Amino acid sequence: MVTDTPILHVDMDAFYASALLRDRPELQDRPVMVGGGHRGVVLAANYPARAYGVRSAMTGTRARRLCPQVVVLQPDYDLFTAVSASVMEVFRRVTPLVEAVSLDEAFLDVRAAGRRAGGPVELGEWIRATVHDEQRIACSVGVAASISVAKLASRRAKPDGLLVVPPDEVTAFLHPLDVGELYGVGDKTRTRLHRLGLVTVGDVAHTPVATLRRDLGHHLGGHLHDLAWGVDVREVSPGRAGVFGHGGPPDRSMGAQETFGRDTDDREVVLRELLRLTAKVTARLRSAAVAGRTVAITVRFADFTTITRSRTLGEATDVTQEVYAAAVRLYDAQGLQRARIRLVGVRVEGLVPRQQVERQGVLGERDRGWADADRAVDRAARRFGSAAVRPASLLGPGAGR
DNA sequence: TCTGGGGTCCTAGGACCC
DNA sequence: TCTGGGGTCCTAGGACCC
């Protein structure tokens, strides 16, 4: 297909809320948010809730203050994953060049699209109609020559719309926008730019790139200057987003973290949580057939300051006890006797395919017993569900008696 | 009841090697 | 005595995205 705007960005509207509301039509027109329970933040809000100022990433407390009558729904990730897979499948009917960014958004390159009906706009409208018919969820589409402009266009098209930005209108579209709209500009960078007097994308575009590099760092400075002129050479790469299991590049790390119900200074409580999180992570490593050399822990204190500590091992591992032992060493090395701890996390980095490790004859030989125990746990989890199997020290007092 | 959980990438300093 | 210059790995922190 010959077109000067071959990139589509498709973004579900209020995805988590929309997915849950499919089966709760009576709530459709009432303000609804997903998540935001004890110590949690809002994961998604439907448009009636947004009318009250409720936004994702806001604390549940704040959201309820803004909208006391808001209906709170619990997230259902199995449902979200299933709906997402169906939606992505719709995209692939248009083109194989689909890059899933997350469960609810994707880039499509329609240059190689078949003869399905017309140009990018027709394809975009077909996707919107089909997703709506088959999945009962509204989505918005941005159409442009590049990934970054398509992404901004879909945001402007919301809710339930489509916006094309032709190449000769890119700067007119971009330059009035606030710098915070640019991909890669979060709260911190936006504030810094504003303090430098750079408020709009046009301001960034007309600042010498050397100045931007000096003030923001070499990479970010150059990147933002490019984006401000709509220069973005990144291609849609279907290999990305390994979460969806489409044979993309393997993940670079896997981790798990959790905020305690209330802050704790009890080493035993912390270690039990580290073991639980480690078991969760290593089970994922094994099911993905990868192992990692670096073990990192995260500790967040009551005042929200957060530290990470990491240690690189001699060889990659997926063995629960090895990762756990490293995590405990890292934790104990901090000497946190009296600290009030809010959250701990465990992450394994530097992942490589397990065969690579096995070929070196290492994995499983060092601690055959522990590796065998892990395999037994994996088998039992497959048969009885993961809730049925966990390390003995995670069982409460009296368990098994 | 202020502030989740899953990630990626960049920067920067020091160690270490050639 | 008067001191290079890269390259890579490791660690810690921070910003960002969804």
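Model, not experiment: these values are computed from the prediction. Chain letters run A, B, ... following the sequence lines, proteins first and then strands; every chain starts at 1.
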Which residues within [range] lie with some heavy atom under 4.0 Å of an atom in DNA chain B?
range	value
residues 187-197 of chain A	none
residues 38-73 of chain A	His38(A), Arg39(A), Gly40(A), Val41(A), Leu43(A), Thr59(A)
residues 296-306 of chain A	Arg300(A), Phe304(A)
residues 334-351 of chain A	Arg342(A), Leu343(A), Arg347(A)

Return a table of donor-acceptor pairs under 3.5 angstrom between the side chains of residues 66-80 of chain A and protein atoms on other chains or two or more places apart.
from	atom 1	to	atom 2	distance (Å)
Gln69(A)	NE2	Tyr52(A)	OH	2.9
Asp76(A)	OD1	Asp78(A)	N	3.3
Asp76(A)	OD1	Leu79(A)	N	3.1

**Q.** Ser86(A): side chain to side chain contact (heavy atoms under 4.5 Å, CB included) partners, not counting sequence neighbours
**A.**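 Scan of Ser86(A) (side chain to side chain contact (heavy atoms under 4.5 Å, CB included), adjacent residues dropped) gives Gln135(A).
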
Q: Please name all residues satisfying side chain to side chain contact (heavy atoms under 4.5 Å, CB included) with Pro159(A), sequence neighbours left out, ordered by chain then number.
A: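 Residues passing side chain to side chain contact (heavy atoms under 4.5 Å, CB included) with Pro159(A): Asp13(A), Tyr47(A).
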
Q: Identify all stems in which DNA chain B takes part, counting only runs of at least 3 consecutive pairs (Watson-Crick or G-U wobble, each distance under 3.5 Å), and give each as one range with another, ordered by first number.
A: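 Consecutive-pair runs (3 or more) involving DNA chain B: B:5-18 with C:5-18.
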
Q.
List the residues meeting ring-ring contact (aromatic ring centres under 6.0 Å, His included) with His206(A), not counting sequence neighbours, and say none if there are none.
A.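 Expected list: His175(A), Trp229(A).
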
Q: Using the P atoms only, state how far dC2(B) lies from dC18(C), rounded to an integer number of Å.
A: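 Looking at atom P only, dC18(C) and dC2(B) are 28 Å apart.
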
**Q.** Atom pair distance, as rounded to whole Å: OH in Tyr16(A) and P in dG6(B)
**A.**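 Interatomic distance, OH of Tyr16(A) to P of dG6(B): 12 Å.
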
Q) So which pairs with a foot in residues 270-309 of chain A pass ring-ring contact (aromatic ring centres under 6.0 Å, His included), sequence neighbours left out? A)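 The answer is none; no pair qualifies.
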
All N/O pairs under 3.5 Å across the protein-nucleotides 10-14 of chain B interface:
from	atom 1	to	atom 2	distance (Å)
dT11(B)	OP1	His219(A)	N	3.3

**Q.** Sequence neighbours excluded - side-chain hydrogen bond (donor to acceptor under 3.5 Å, both in side chains) pairs with any residue from residues 141-154 of chain A
**A.**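 Found His9(A)-Ser154(A), Glu105(A)-Lys151(A), Ser148(A)-Asp232(A).
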
